[in-house]
Amino acid sequence: MTILVIGGTGYIGSHTIVELLNRGEECIILDNLSNSQMDVIDSIQKITSRKVFFIEGDVMNEACLKNIFYEHDVDAVIYLVDVQSTQQSYEANLKGAINILRAMKKVNVKRFIYGSTAKVYHNDAEMSATEDSSLSAINPYVRSKLLIEDMLRDLASEDPSWSIIILRYFNPIGAHPSGLIREVPNGIPNKLMPNITQVATDQSTQLNVFGNDYNTVDGTGVRDYIHVCDLAEGHAQAISYLIKNKGCHEFNLGTGKGTSVLELVAAFEKANGIPNYS
Ligand SMILES: O=c1ccn([C@@H]2O[C@H](COP(=O)(O)OP(=O)(O)O[C@H]3O[C@H](CO)[C@@H](O)[C@H](O)[C@H]3O)[C@@H](O)[C@H]2O)c(=O)[nH]1
């Protein structure tokens, strides 16, 4: 299959492309490099010994999309563009999703995988959420994701020829074993794992632990961390599922196991042979 991965040079995208290429799929990446670097392409090709087509461009660029669909026989689209800044999420996320779906309709490509988030579950219930748990938005970013999910469900029920999968990510961490691709946040990281690695590599002097009185094993926040390579495998399996199933389907990508901030720090120290911080 030929799969267009929009947002493919990012953290989740790059690991997903490696998995897809290793399985023999053809991949085209469209990315505007707003939160990733072009050298990811070389690394992907080194890891897989396969060629990947890269187009630097924005999903809002009609001509660019038209060109891709004209030049390549695209079988499915994986959409990973994700603007998390709350202020801009509505406009960027919704416009981007609408634009790619419109472009796909025009060329009759109707297989779509959407990278959503487990944050769409009620905050307190996130850790035990199943795909049928109730949904709600804690902030405009999550609301933008939920609105796109709703749009996809509507699309599939209006036109049964669509095959759509919504993947709800828990917290991806880790890197490809080659070390050639990994999470490289632009600017100062806000997520826990990049902050830990910055302290470990002396790029930052201390790790701030946010909160110590949550109702958890040690009072610090608990999340379901999933290895990014497992998450990537989830996308490849979603592609297989898309071929056999029409309609819109949601899947959680997590492990079902919670880890607190302090437990994650301790696991990092143990894995890297770092003496205990305390
Ligand atoms: O320097 C840090 C960073 C995080 N945390 C804690 O670590 C846990 C995990 O935080 P984080 O890695 O930011 O994940 P989430 O809070 O689950 O946030 C996820 O979901 C957010 C909303 O979708 C996105 O904005 C983030 O990028 C994404 O990681 C939480 O308890 C945080 O309070 C710290 O203690 N110190």
Side-chain angles (χ1 to χ4, degrees), residues 7 10-15 34-36 79-94 96-97 114-129 133 135-149 166-175 182-228 230-231 250 252-269 277-278:
Y11 176 45
I12 294 174
S14 55
H15 289 81
S34 62
N35 194 24
S36 54
Y79 191 69
L80 303 174
V81 175
D82 187 44
V83 176
Q84 296 199 357
S85 112
T86 338
Q87 298 302 322
Q88 292 156 20
S89 294
Y90 268 120
E91 193 168 338
N93 287 339
L94 286 164
Y114 179 59
S116 187
T117 169
K119 300 277 170 214
V120 295
Y121 297 117
H122 277 294
N123 214 15
D124 298 339
E126 183 186 321
M127 284 305 304
S128 55
S133 298
L135 306 176
S136 73
I138 46 162
N139 60 39
Y141 161 68
V142 178
R143 195 162 296 115
S144 75
K145 305 296 280 189
L146 257 185
L147 285 169
I148 294 166
E149 283 203 9
I166 292 168
L167 297 175
R168 295 189 182 132
Y169 309 142
F170 284 78
N171 292 47
I173 56 169
R182 57 192 186 281
E183 184 164 24
V184 191
N186 262 0
I188 301 159
N190 64 344
K191 287 158 74 183
L192 179 57
M193 197 54 165
N195 272 318
I196 293 176
T197 51
Q198 288 229 334
V199 174
T201 52
D202 286 333
Q203 295 174 72
S204 172
T205 50
Q206 64 178 51
L207 177 76
N208 297 313
V209 177
F210 305 147
N212 58 14
D213 58 358
Y214 293 107
N215 184 20
T216 62
V217 57
D218 53 24
T220 64
V222 166
R223 296 288 187 276
D224 178 345
Y225 296 97
I226 173 168
H227 197 283
V228 67
D230 293 335
L231 198 85
E250 300 88 359
N252 287 348
L253 287 183
T255 65
K257 184 180 168 289
T259 303
S260 74
V261 174
L262 295 183
E263 284 173 337
L264 193 71
V265 171
F268 183 92
E269 287 168 339
Y277 63 93
S278 52

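Basis for what follows: all heavy atoms, side chains included, without hydrogens, waters or symmetry-related copies. Remember, it's 1-based here, ligands and their atoms both numbered in the order they're listed.
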Checklist entry - Does a side chain donor of either Lys145 or Tyr114 reach within less than 3.5 Å of an acceptor in the other side chain? => result yes
Next on the checklist: Do Tyr11 and Asn35 pair up side chain to side chain, a donor and an acceptor below 3.5 Å, judged on atom types alone?
Outcome noted: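 No.
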Heavy-atom proximity to [atom], best of [options]:
atom	options	result
atom 26 (C) of ligand 1	Gln198, Arg223, Met193, Gln84	Gln84
atom 9 (C) of ligand 1	Tyr141, Phe170, Tyr225, Phe210	Tyr225
atom 19 (C) of ligand 1	Lys145, Gln206, Lys119, Lys191	Lys119

Item to check | Gln203 CD: over 12 foreign heavy atoms closer than 6.0 Å | outcome: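 Counting neighbours around CD of Gln203, more than 12 heavy atoms of other residues, nucleotides or ligands fall under 6.0 Å, so yes.
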Next on the checklist: Tell me whether Asn195 has any N or O atom under 3.5 angstrom from an N or O of ligand 1.
Outcome noted: yes
Checklist entry - Is Val222 close to ligand 1, meaning an N/O of one under 3.5 Å from an N/O of the other? => result no
Quick one: closest heavy-atom pair of [X] and [Y], and the distance?
X	Y	result
Ala137	Leu146	N-CD1, 4.0 Å
Phe268	Met193	CD1-CE, 3.7 Å
Phe170	Ile226	C-CG2, 4.4 Å
Leu135	His122	O-NE2, 4.4 Å

Checklist entry - Which ligand 1 atoms does Asn190 reach within 4.0 Å, using its non-hydrogen atoms? => result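 Under 4.0 Å from Asn190, ligand 1 has these atoms: 3 (C), 13 (O).
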Item to check | Numbered atoms of ligand 1 (with element) below 4.0 Å of Val209, judged on heavy atoms | outcome: 35 (O)
Checklist entry - Run the side chain to side chain donor-acceptor pair (under 3.5 Å) check on Arg168 and Tyr121 step by step: do they pass? => result CA-CA 10 Å; Arg168 295 189 182 132; Tyr121 297 117; 2.8 Å; yes
Item to check | Thr220 contact mode with ligand 1 (heavy-atom cut-off under 4.0 Å) | outcome: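 Answer for Thr220: neither.
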[atom]: nearest protein contact (heavy atom, Å):
atom	result
atom 14 (O) of ligand 1	Asn171 ND2, 3.1 Å
atom 12 (O) of ligand 1	Leu192 N, 2.8 Å
atom 31 (O) of ligand 1	Gly221 CA, 3.4 Å
atom 6 (C) of ligand 1	Val261 CG2, 3.7 Å
atom 36 (N) of ligand 1	Asn208 O, 2.7 Å

Next on the checklist: I'd like to know whether Asp224 forms a side chain to side chain donor-acceptor pair (under 3.5 Å) with Thr255, so could you lay out the CA-CA distance, the side-chain angles of the two residues, the decisive distance to 0.1 Å, and finally the verdict.
Outcome noted: CA-CA 6 Å; Asp224 178 345; Thr255 65; 2.7 Å; yes
